[in-house]
Amino acid sequence: MQRIMIIEDNADLRLDLTEQVSDLGYQSIPVTDFERIIEHFIEEKPDLVLLDVKLPFFDGFYWYRQIREYSKCPIVYLWHHEDATRGLQLAREGRKTTGDILPLTSEMLRNTLTQHLKNRLR
């Protein structure tokens with residue numbers, strides 16, 4: 001079973017994503033300790049990470065760089081509406097980012113996970 005790590009500090013969104021990911025047949029790995037994300041990542045070895053941009057202590061961009069030191073697994077940024085401008089700015093700068101506006105519908109989440117996990121196998 002493929003494992004999806006969910007790094008989202010909003011408890012309601014984290015619970016919703018955890019349930020959706022599980023309902024889609026993946027193993028959910030919700031993170032609640034936002035000071036030790038990299039330790040959780042190394043321990044759990046997920047197949048894909050859903051990563052919120054705005055997090056306590058360090059933002060999602062920081063954690064993206066930390067994860068990249070250990071793995072090339074797909075990382076999907078979760079943008080909240082007010083973060084969308086930053087995502088567009090990064091895209092214009094040519095950085096490879098993936099962003100989805102929250103909340104995700106089950107269909108959007110399924111398509112996103114399927115696409116990124118397929119690409120990982122290539």
**OP:** Show your reasoning for whether side chain to side chain contact (heavy atoms under 4.5 Å, CB included) applies to Ile29 and Val21.
**Re:** CA-CA 9 Å; Ile29 308 167; Val21 165; over 6 Å; no
**OP:** Given side chain to side chain contact (heavy atoms under 4.5 Å, CB included), test Asp52 with Asp9 step by step and report yes or no.
**Re:** CA-CA 8 Å; Asp52 186 15; Asp9 62 322; 2.9 Å; yes
Subject >> Step-by-step side chain to side chain contact (heavy atoms under 4.5 Å, CB included) determination, Gln2 to Gln27 >> reply: CA-CA 6 Å; Gln2 292 179 304; Gln27 180 181 352; over 6 Å; no
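Between Glu39 and Glu35, the shortest heavy-atom distance links the atoms OE1-O, 4.4 Å. Residues Ser28 and Thr18 approach most closely at OG-O, 2.8 Å, considering heavy atoms.
Once rounded to the nearest 0.5 Å, the distance linking CE of Met1 with OG of Ser22 reads 8.0 Å. Considering CD1 of Ile75 and CD1 of Ile67, their distance stands at 4.5 Å, rounded to 0.5 Å. From Leu13, atom CG reaches atom CG of Leu15 across 9.5 Å, with rounding to the nearest 0.5 Å. Interatomic distance, Ile4 CD1 to Asp47 CG, rounded to the nearest 0.5 Å: 6.5 Å. Distance CE/Met5 to CD/Glu43: 8.5 Å, rounded to 0.5 Å. The CD atom of Gln66 lies 8.0 Å from the CZ atom of Phe58; values are rounded to the nearest 0.5 Å.
Formation of a donor-acceptor pair under 3.5 Å by the Asp59 side chain with backbone atoms of Tyr62 is found in this model. Checking side-chain atoms of Arg65 against main-chain N and O of Gly60 turns up no donor-acceptor pair under 3.5 Å. Side-chain atoms of Arg14 come within 3.5 Å of backbone N or O of Glu8 as a donor-acceptor pair. At least one donor-acceptor pair closer than 3.5 Å links the side chain of Ser71 to the backbone N or O of Cys73.
At least one side-chain heavy atom of Leu109 sits under 4.5 Å from a side-chain heavy atom of Leu50. Two residues are said to be in side-chain contact when any heavy atoms from C-beta on lie closer than 4.5 Å; Val76 and Leu48 meet this criterion. No side-chain heavy atom of Pro74 sits less than 4.5 Å from a side-chain heavy atom of Val49. Using a 4.5 Å cut-off on side-chain heavy atoms (C-beta onward), Leu113 and Leu24 make contact. Counting heavy atoms from C-beta outward, Trp63 and Leu55 have side chains that approach closer than 4.5 Å. For the pair Ile7 and His40, the minimum side-chain heavy-atom distance is 4.5 Å or more.
The ring of Tyr77 has its center closer than 6.0 angstrom to the ring center of Tyr64.
Between the side chains of Gln115 and Asn111, no donor N or O sits under 3.5 Å from an acceptor N or O.
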